[in-house]
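Numbers restart at 1 for each chain; the letters A, B, ... are given by sequence-line order, proteins then strands.
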Amino acid sequence: MGNTNYNSAESDPGEAKPESLDFIREIVADDLANGRHASTVTRFPPEPNGYLHIGHAKSICLNFGIAQENKGGICHLRFDDTNPAKEDIEYVDSIKEDVQWLGFDWGKNIFFASDYFEKLYAFAVELIETGKAFVCELTLEEIAEHRGTPTRPGTNSPFRDRSPEENLALFQRMRDGEFADGTRVLRARIDMASPNLHMRDPVLYRIRKVPHHRTGSQWCLYPMYDFTHCLSDSIEGITHSLCTLEFEVHRPLYDWVLDNVTIDRRPRQIEFARLSLTYTVLSKRRLLTLVEEGRVSGWDDPRMPTLSGLRRRGYTPSGIRAFCKTIGMTKFNSLTDVALLEHSIRHDLNDTTPRRLAVLRPLKVVITNFDAGAVEELEAPNHPKNPEAGSRTVPFTREIYVERDDFMEDPPSKFHRLGPGREVRLRFAYFITCNEVIRNAAGEVTELHCTYDPETRGGNAPDGRKVKGTIHWVSAAHAHEAEVRLYDRLFTVEDPNREEDGKTYLDYLNPNSLEVLRDARLEPGLANAAPGERFQFERSGYFCADTVDSQPGKPVFNRTVTLRDAWAKKQKKG
RNA sequence: UGCCGAAUAGUGUAACGGUAGCACGAGUGACUCUGACUCACUUUGUCUAGGUUCGAAUCCUAGUUCGGCAACCA
């Protein structure tokens with residue numbers, strides 16, 4: 001340690017600028033500093049009616065992140081399961097898996113709003129007793145009519161002034177199952193003239209004779225979100241209840257409920273902007289439609305922005321976490337460029353992923369001056385910057401495959417690859433020169449005849465001669481044939497949610513979002529890739545062995561993301 | 001025409017009355033056995049109009065634009 005401090009003026013960590021906090025963490029820090037709370041309790045509260053997506057990752061990283069950053073902080077996983085008609089155990093299982101996979105641990109703190117049904121019922125009884133809730137027999141349509149409009153106040157329900165005794169008896173009978181679905185609701189008694197629609201005597205309970213995935217047929221009466229959420233937060237001792245912007249107008253109701261029942265712990269709701277990403281959709285409803293209509297293969301289709309889809313595609317938890325850090329936390333409804341996500345995953349994968357040679361669209365090359373029966377084992381490092389990643393050996397023979405894109409018959413001068421008479425380096429192998437182009441009857445190039453320079457073994461010329469390009473290759477006899485799936489963005493437009501000219505997001509689906517290559521040739525070791533294992537196919541991109549369709553000894557690869565490609569960019573510009 | 005909220009480079013964000021920074025993208029160059037990575041440089045911004053102030057992205061006023069809100073969904 002002693003003599004390493006050669007520039008204390010700049011390297012003193014004590015003078016380092018603290019990272020700026022987002023507005024939520026600032027509030028949290030204040031509450032801690034002024035003793036309002038001894039520590040933090042946050043919660044991630046999904047409804048188990050769909051799979052988690054990248055937008056949820058933002059919320060998970062926020063809530064669990066705050067717990068990690070503050071001494072004694074904890075974060076609950078709470079399922080907001082108050083609508084049995086839409087919810088399913090399949091979703092609670094997938095949500096638990098996804099949160100864990102993302103790298104977070106709720107420990108013992110896993111809860112279900114349905115566990116609070118009895119307590120919630122008691123709170124409702126308290127509201128009735130104090131004259132702040134009533135049983136209403138208006139129909140759904142009538143309630144809507146009585147609600148008024150944003151500019152016109154609502155009108156009182158004729159059932160609004162029933163006595164607490166009558167309401168209590170009715171509410172009990174609702175619980176006992178005496179009434180049919182939709183015939184009665186419990187409503188808060190607030191103000192039908194409130195400028196906030198949510199305060200116009202909102203529905204607190206409705207009758208649903210539907211079995212619940214956890215409570216079975218124990219209840220036929222289910223509490224609404226606005227009643228459930230704030231009280232669940234209070235019951236659990238949540239200090240900061242963080243949700244997205246659309247709940248901002250619900251906050252007065254959140255506070256009203258807490259103000260009007262007897263509680264001992266008071267959570268505070270703070271809203272932030274949900275994530276929107278270019279070239280995709282992030283609404284459960286739309287994602288569900290994609291799944292149900294078979295536009296994708298399922299919730300975990302690698303083109304889906306779901307966590308299970310991203311996982312199958314090869315995204316890493318750390319890459320997604322880094323992305324969430326990058327996008328920040330504000331109250332501004334923004335549309336984040338998916339390039340930010342792609343950068344995060346490339347950056348993560350670059351450091352950690354072993355390199356391999358894989359030819360996606362093979363073109364045969366015969367090295368005419370190489371011995372027909374000979375096999376040379378060449379050493380190839382697994383990572384260009386990290387020697388500790390070790391190396392493996394790849395076989396080199398007279399017949400190899402190279403990428404079709406790495407050959408042009410009439411290349412421009414900027415093309416640093418194979419062309420008639422041109423010399424290139426085969427990565428980790430030899431310099432070769434293209435002498436002859438073989439065509440089939442249709443005139444298509446089927447094969448190249450090249451010669452190699454034996455002096456360049458390993459990739460360097462003793463005479464100091466340079467080549468412009470290095471291309472990847474694989475020995476024809478040893479190559480492992482595999483299916484490789486190339487994924488592109490699911491939609492063709494930046495904002496598919498923008499439904500102009502009568503079009504919907506479904507009209508913007510990218511017909512080329514999936515390209516299946518059945519003829520890829522991989523270096524032999526790749527045959528043993530384990531499902532979920534990730535590699536960089538050099539000069540091409542990051543790939544992950546599919547966890548669903550791979551067979552032992554026969555992996556199928558998904559492209560996670562391409563490498564940045566300056567050449568492709570240059571070409572596009574013309 | 002109601003209520004709530006938000007506006008900072010192309011995109012996402014920071015600056016908390018005192019020099020408008022950062023990341024991504026884009027561009028140029030260096031390096032290179034991946035046209036990758038890395039590095040250097042460049043480009044582009046405070047919604048508008050007033051006001052307060054020595055000084056405003058920040059405070060005030062008015063406007064503009066955008067988002068959300070009228071499920072017995074969450």
(message) With rounding to the closest Å, how many angstrom separate the C1' atoms on B:G29 and B:C66?
(response) 40 Å

(request) Kindly confirm whether the side-chain ring of A:Phe332 is stacked on the base of B:A6, judged by centres under 5.5 Å and planes under 30°. (result) no

(message) Heavy atoms only, 4.0 Å cut-off, all strands: where does A:Leu335 land among base, sugar-phosphate and nothing?
(response) sugar-phosphate

(message) By the 4.0 Å heavy-atom rule, please label A:Glu248 as base, sugar-phosphate, or nothing.
(response) sugar-phosphate

(message) Any strand counts, and the cut-off is 3.5 Å on both contacts for Watson-Crick or G-U wobble. Which nucleotide pairs with B:C73?
(response) none

(request) Would you mind reading off the distance between A:Leu253 atom CG and B:A71 atom C1', rounded to a whole angstrom? (result) 14 Å

(message) Just the rounded figure in Å: distance from P of B:U58 to CZ of A:Phe23.
(response) 20 Å

(request) Please state whether the phosphate of B:G12, meaning OP1 or OP2, lies under 4.0 angstrom from any side-chain nitrogen or oxygen of A:Thr326. (result) no

(request) For A:Tyr430, answer base if it contacts any base atom (sugar-phosphate contacts may also be present), sugar-phosphate if it contacts only those atoms, and nothing otherwise; contact means non-hydrogen atoms under 4.0 Å. (result) nothing

(request) Compare side-chain N and O positions of A:Arg200 against OP1 and OP2 of B:A70 and report whether any pair is under 4.0 Å apart. (result) no

(message) Suppose we define a pair by two distances each less than 3.5 Å, Watson-Crick or G-U wobble; what does B:G21 pair with here?
(response) B:U13

(message) Rounding to an integer number of Å, can you tell me how far A:Asn460 CG sits from B:U34 P?
(response) 11 Å

(request) Would you mind telling me which of B:U34, B:G35, B:U38 lies closest to the side-chain atoms of A:Lys385? (result) B:U38

(message) For the residue pair A:Arg465 and A:Phe431, would you count it as a cation-pi contact if the rule is NZ or CZ under 6.0 angstrom from the ring centre and within 45 degrees of the ring axis?
(response) no

(request) For B:U61 and B:G45, measure between their C1' atoms and round to the nearest Å. (result) 25 Å

(message) What's A:Gly459 touching, base or sugar-phosphate or nothing? Going by heavy atoms closer than 4.0 Å.
(response) base

(message) Once you measure the plane-to-plane angle for A:Phe396 and A:Tyr430, does it fall in the parallel (<30°), tilted (30-60°) or perpendicular (>60°) bin?
(response) tilted

(request) State whether A:Ser334 places a side-chain N or O below 4.0 Å from either non-bridging phosphate oxygen (OP1 or OP2) of B:U13. (result) yes

(request) Inspect the surroundings of NE2 in A:His146 and state if more than 12 heavy atoms from other residues, nucleotides or ligands are less than 6.0 Å away. (result) yes

(request) Using a 4.0 Å heavy-atom cut-off across all strands, classify A:Ile327 as base, sugar-phosphate, or nothing. (result) sugar-phosphate

(message) Rounding to an integer number of Å, can you tell me how far A:Arg285 CZ sits from B:A71 P?
(response) 16 Å

(request) Would you confirm whether the ring centroid of A:Phe247 sits within less than 6.0 angstrom of the ring centroid of A:Tyr225? (result) yes

(message) Side chain of A:Lys570, heavy atoms from C-beta onward: which of B:C72, B:A36, B:G35 has the nearest atom to it?
(response) B:G35

(request) Assign B:A15 to syn or anti; the rule is syn for a glycosidic angle within 90° of 0 and anti otherwise. (result) anti

(message) If you assign each of A:Glu47 and A:Lys414 to its closest nucleotide in RNA chain B, which residue comes earlier from the 5' end?
(response) A:Lys414

(request) Using the P atoms only, state how far B:A14 lies from B:U28, rounded to an integer number of Å. (result) 31 Å

(request) Could you state the atom-to-atom distance from CG of A:Asn333 to P of B:G5 in whole Å? (result) 14 Å

(message) Looking at B:A71, I'd like to know if its phosphate oxygens (OP1 or OP2) sit under 4.0 Å from a side-chain N or O belonging to A:Arg147.
(response) yes

(message) Looking at B:U58, which nucleotide sits across from it as a Watson-Crick or G-U wobble partner, both distances under 3.5 angstrom, or is there none?
(response) none

(message) Just to be sure I understand the rule, does A:His416 reach a base, reach only the sugar-phosphate, or reach nothing, if contact means heavy atoms closer than 4.0 Å?
(response) base

(request) Scan A:Arg251 against the nucleic acid and name what it touches under 4.0 Å (heavy atoms): base, sugar-phosphate only, or nothing. (result) nothing

(message) Any base atoms under 4.0 Å from A:Thr330, or only sugar-phosphate, or nothing? Heavy atoms, all strands.
(response) sugar-phosphate

(request) Identify whether the distance between the nearest side-chain nitrogen and carboxylate oxygen of A:Glu403 and A:Arg539 falls below 4.0 Å. (result) no

(message) Suppose we define a pair by two distances each less than 3.5 Å, Watson-Crick or G-U wobble; what does B:G63 pair with here?
(response) B:C47

(message) Could you tell me how far apart A:Arg539 (CZ) and B:A36 (P) are, to the nearest whole angstrom?
(response) 11 Å

(message) Between A:Phe247 and A:Leu21, which residue's closest nucleotide on RNA chain B lies nearer the 5′ terminus?
(response) A:Leu21

(message) Can you check the distance between B:A20 and B:A62, where both ends of the measurement are the C1' atom (answer in whole Å)?
(response) 26 Å

(message) Counting the atoms with a prime plus P, OP1 and OP2 as sugar-phosphate, which does A:Pro45 contact under 4.0 Å by heavy atoms, base, sugar-phosphate, or nothing?
(response) nothing

(message) Can you see if the side chain of A:Thr82 gets near the phosphate of B:A74 - specifically, an N or O under 4.0 Å from OP1 or OP2?
(response) yes

(message) Could you check whether any side-chain N or O of A:Ser194 sits under 3.5 Å from a backbone N or O of A:Asp191, counting only pairs where one atom can act as donor and the other as acceptor?
(response) no

(message) Measure CG/A:Asp565 against P/B:G25 and give the value in whole Å, please.
(response) 14 Å

(message) Rounding to an integer number of angstrom, what distance separates B:C47 and B:U64 when you compare their C1' atoms?
(response) 7 Å

(message) Counting the atoms with a prime plus P, OP1 and OP2 as sugar-phosphate, which does A:Val185 contact under 4.0 Å by heavy atoms, base, sugar-phosphate, or nothing?
(response) base

(request) Quick one: look up who B:U52 pairs with, Watson-Crick or G-U, both distances under 3.5 Å, and put none if it's unpaired. (result) none

(message) Work out how far the P atom of B:U19 is from that of B:C24, and round it to whole angstrom.
(response) 25 Å

(message) Tell me the interatomic distance from A:Arg208, atom CZ, to B:A74, atom C1', rounded to whole angstroms.
(response) 14 Å

(request) Give A:Gln536 one of three labels, base, sugar-phosphate or nothing, depending on what nucleic acid heavy atoms sit under 4.0 Å from its own. (result) base

(request) Both distances under 3.5 Å, Watson-Crick or G-U wobble: report the partner of B:G29, or none. (result) B:C39

(request) Considering just the side-chain nitrogens and oxygens of A:Arg206, establish if one lies under 4.0 Å of OP1 or OP2 belonging to B:C73. (result) yes

(request) State whether the distance check finds a donor on one side and an acceptor on the other, under 3.5 Å, for side chain A:His250 versus base B:A74. (result) yes

(request) Classify the side chain of A:Arg417 and the base of B:G35 as holding, or not holding, a donor-acceptor pair under 3.5 Å. (result) yes

(request) Scan A:Arg564 against the nucleic acid and name what it touches under 4.0 Å (heavy atoms): base, sugar-phosphate only, or nothing. (result) sugar-phosphate

(request) State whether A:Phe535 and A:Arg356 meet the cation-pi test: NZ (Lys) or CZ (Arg) under 6.0 Å from the six-membered ring centroid, and within 45° of the perpendicular axis. (result) no

(request) Report yes if at least one side-chain N or O of A:Lys86 is closer than 4.0 Å to OP1 or OP2 of B:A74; otherwise report no. (result) no

(request) For A:Leu341, report the nucleic acid contact type (base, sugar-phosphate, nothing); a contact means any heavy atom under 4.0 Å. (result) nothing

(request) For B:G12 versus B:U46, give the span between their P atoms, rounded off to a whole number of Å. (result) 16 Å

(request) Indicate, with a heavy-atom threshold strictly under 4.0 Å, whether A:Glu26 touches base, sugar-phosphate, or nothing. (result) base

(message) Taking A:Asp405 first and then A:Arg417, would you say they form a salt bridge - that is, a charged N and a carboxylate O separated by under 4.0 Å?
(response) no

(message) Once you measure the plane-to-plane angle for A:Phe491 and A:Tyr505, does it fall in the parallel (<30°), tilted (30-60°) or perpendicular (>60°) bin?
(response) tilted

(message) For A:Phe111 and A:His76, take the angle between the two ring planes, folded into 0 to 90°, and tell me which bin it lands in: parallel under 30, tilted 30 to 60, perpendicular over 60.
(response) tilted

(message) Please name the nucleotide paired to B:C3 by Watson-Crick or G-U wobble geometry with both distances under 3.5 Å, or report none.
(response) B:G68

(message) I'd like the C1' distance from B:G10 over to B:U43, given in whole Å.
(response) 11 Å

(request) Kindly say if A:Arg498 contacts the phosphate of B:C66, meaning a side-chain N or O under 4.0 Å from OP1 or OP2. (result) no

(message) Counting only side-chain nitrogens and oxygens, does A:Arg346 get under 4.0 Å of the OP1 or OP2 atom of B:U34?
(response) no

